Every structure is written in structure tokens, then in C-alpha cells.
Amino acid sequence: SIRAPLHESLLGISPGIREVNDMIRRLAVSNLTVLITGESGVGKDIAARMLHKMSARYGNPFVKVNCPAIPESILESELFGYERGAFTGAGTSKPGRLELAHNGTIFLDEIAETSYTVQSKLLQVLDGEPFMRIGGVTPVKSDVRIIAATNMSLEAAVREGRMREDIYFRLSEVIIHLPPLRERREDIPL
């Protein structure tokens, strides 16, 4: 497997950050779905990129999707793509980001901001099943590793009915929690 030199890393000497870096190194060689949790600004994006760069998927696409930055009405078509004529303005077919990430990694940042519809379709992908582009008739299969991140409690989102319980369990095969800097003061000088 091809591994790139690690240009980005989570800086720190604290036990918490050392544990996170060790966990990333161990998980990089697997294809497990990983959920990265932590407050805004703790380095969830860096951790996801590290997982990709240290994996056998390196050299293939790393596709980041900032879920709350894409309007809910457009997110489904961005992830799964669409066929020509699927809706007004769909003059050509367009592959979704899951297709574009084939053989690579897709990073779903702030996954708790997705609708039940998108969660249902993502569940199919997490289960290794093909999906359909919007307006499509041909199933699309994409071999992709999914890494998701959130700064919210997904358990609370499930209790409040904002997240499907089944997708929560599939996304959280492995959870990496990134502690905030205030909990690892010895890392401040770095």
C-alpha cells in the first residue's frame, strides 16, 4: 500500500492527543467507518485527512462535504448526483460526490445537519449497497470509505428525532473524540 508522508498532524504531547494520533494510525489501515467528534476548531478536518493520507486509499480522491454549507434541497443531488431532466434546470447528468470519491474517502463534516432523506440514502452506501442518482434508473456502486464528523451529540440528535438511530450506529463503528485545547494545556506552547 502507498502511504504519503504525514504533512498534517495533530500537534501535542498530552496523553489525549497522543492517544488520538495512535488511534488514527491504527485505523488508517482499515476500511472502518469513523465518526470524529469534538468542538469546532479542534482539528476534525485534519484528523480525517490524516486517516486518508495514511491509508491504502491515498492517491485516490479525498472529497470533503460541508453538510450545513449546502442547502438541504441541494445536498441530496450533491451527494448522489442526478440525471439529465431529473428536475428543472438539470440539463445534463452530474455525478455526485460519492461517485467522485470512488476508491477514495468522503468526509461528511457536520453529519448531524443532514435530513432523514439523505440519512436514509447514506445508510444504503454504508451497507455497501448501490444507490440511484436523482432521476436515475441505473444503480451506481461506489467503493468509498466514509468518515463523518460532528460537534454535536449524535445520541441527543437521535433522542430528539433529528437523526436516524440506524445511521448513528453505522457511523459510529469507531469514534475518535478530539479534546479541546483547554483540556490539554500542556499542548498550548506547541
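Treat the numbers as computed from the prediction; the structure is a model and nothing was measured. Note that the numbering runs from 1 along the sequence shown for the chain.
In this structure, Ile175 is not a member of the same hydrophobic cluster as Ile147, with clusters built from ILVMFWY side-chain heavy atoms closer than 4.5 Å. Connection of Leu123 to Ile134 is not established within any shared hydrophobic cluster, with ILVMFWY side chains joined at heavy-atom distances below 4.5 Å, either directly or through further cluster members. Neither Tyr82 nor Val125 shares a network with the other; the hydrophobic side chains, linked directly or stepwise wherever heavy atoms of I, L, V, M, F, W or Y lie under 4.5 Å apart, form separate groups for each. In the hydrophobic cluster analysis, where Ile, Leu, Val, Met, Phe, Trp and Tyr join through side-chain heavy atoms closer than 4.5 angstrom, Val140 is grouped together with Leu75. No continuous path of ILVMFWY side-chain contacts below 4.5 Å connects Ile146 to Val34, so the two sit in separate hydrophobic clusters.
You'll find the side chain of Ile176 reaches within 4.5 Å of the side chain of Leu27, heavy atoms only. Residues Pro61 and His102 form no side-chain contact, since every pair of their non-hydrogen atoms from C-beta on lies 4.5 Å or further apart. Residues Arg145 and Ile106 are not in side-chain contact: their nearest non-hydrogen atoms beyond the backbone lie 4.5 Å or more apart. The shortest side-chain heavy-atom distance between Glu155 and Met163 does not fall under the 4.5 Å cut-off. Taking 4.5 Å as the limit, some side-chain heavy atom of Ile36 sits within range of a side-chain heavy atom of Leu178. Considering only heavy atoms from C-beta on, Ile70 comes within 4.5 Å of Arg97 through its side chain. Side-chain contact between Ser153 and Thr37 is absent, with no heavy atoms from C-beta onward closer than 4.5 Å. Side-chain contact between Val65 and Asp109 is absent, with no heavy atoms from C-beta onward closer than 4.5 Å.
Judged purely by atom type and a 3.5 angstrom limit, Lys44 has no side-chain atom pairing as donor or acceptor with the backbone of His177. Side-chain atoms of Ser30 come within 3.5 Å of backbone atoms of Leu32 as a donor-acceptor pair (strictly under, hydrogens ignored). Side-chain N or O atoms of Gln119 include one that pairs as donor or acceptor with a backbone N or O of Thr114 at under 3.5 Å. Of the possible donor and acceptor atoms, none in the side chain of Arg184 sits under 3.5 Å from a partner among the backbone N and O of Gly16. Judged by distance alone, the side chain of Asn21 and the main-chain N or O of Leu10 form a donor-acceptor pair under 3.5 Å. Between the side chain of Ser115 and the backbone N or O of Val118 there is at least one donor-acceptor pair closer than 3.5 Å. Without hydrogens or angle criteria, Gln124 side chain to Pro130 main chain gives a donor-acceptor distance under 3.5 Å. A donor-acceptor contact shorter than 3.5 Å is absent between the side chain of Glu39 and the backbone of Pro180.
In this structure, Ala148 and Phe107 approach most closely via the heavy-atom pair C-CE1, 4.2 Å. Nearest approach of Ala112 to Leu154, heavy atoms of both residues: CB-CD2, 3.6 Å. When all heavy atoms are compared, the tightest approach of Ala156 to Arg162 is C-NH2, 4.4 Å. When all heavy atoms are compared, the tightest approach of Leu190 to Gly12 is CD1-CA, 3.7 Å. Shown here for Asp166 and Arg164, the closest heavy-atom pair between the two residues is OD2-NH2, 2.5 Å. A pairwise comparison of heavy atoms in Thr150 and Glu110 identifies CA-OE1, 3.5 Å as the closest pair.
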Problem set entry | side chain to side chain contact (heavy atoms under 4.5 Å, CB included) between Asn151 and Val42, worked out | CA-CA 10 Å; Asn151 64 8; Val42 295; over 6 Å; no
For this session: Please step through side chain to side chain contact (heavy atoms under 4.5 Å, CB included) for the pair Lys94 and Arg133, ending with a clear verdict.
Result: CA-CA 9 Å; Lys94 179 183 172 202; Arg133 288 181 179 175; over 6 Å; no
For this session: Go through Leu98 and Phe80 one step at a time and tell me if the side chain to side chain contact (heavy atoms under 4.5 Å, CB included) criterion holds.
Result: CA-CA 6 Å; Leu98 283 161; Phe80 301 98; 3.4 Å; yes
Exercise. Side chain to side chain contact (heavy atoms under 4.5 Å, CB included) between Val174 and Met23: does it pass, once the steps are laid out?
Worked result: CA-CA 10 Å; Val174 178; Met23 199 170 186; 3.7 Å; yes
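Rounding to the nearest 0.5 Å gives a distance of 9.0 Å between CZ of Phe131 and CG of Leu79. The CG atom of Leu126 sits 14.0 Å away from atom NZ of Lys121, with the distance rounded to the nearest 0.5 Å. For the atom pair CG of Leu100 and CG of Asn60, the computed distance is 13.0 Å after rounding to the nearest 0.5 Å. Here CD of Glu186 is found 11.0 Å from CD of Glu183. Values are rounded to the nearest 0.5 Å. With rounding to the nearest 0.5 angstrom, the SG atom of Cys67 is 5.0 Å from the CG atom of Leu108. Between the CD1 atom of Ile46 and the CG atom of Leu51 there is a distance of 12.5 Å, given to the nearest 0.5 Å.
Arg57 pairs with exactly one of Thr105, Asp143, Asn103 by the side chain to side chain donor-acceptor pair (under 3.5 Å) rule, that one being Asp143.
In this structure, Asp45 pairs ionically with Arg49, as a charged nitrogen and a carboxylate oxygen lie closer than 4.0 Å.
Annotation for Glu72: atom CD does not count as buried by contact number, only 12 or fewer foreign heavy atoms lying within 6.0 Å.
Between the side chains of Glu83 and Ser93, at least one donor-acceptor pair of N or O atoms lies under 3.5 Å. Looking at Arg170 and Thr33, their side chains never bring a donor and an acceptor atom within 3.5 Å of each other.
Taking the six-membered ring for Trp and thresholds of 30 and 60 degrees, His52 and Phe62 have ring planes inclined between 30 and 60 degrees apart.
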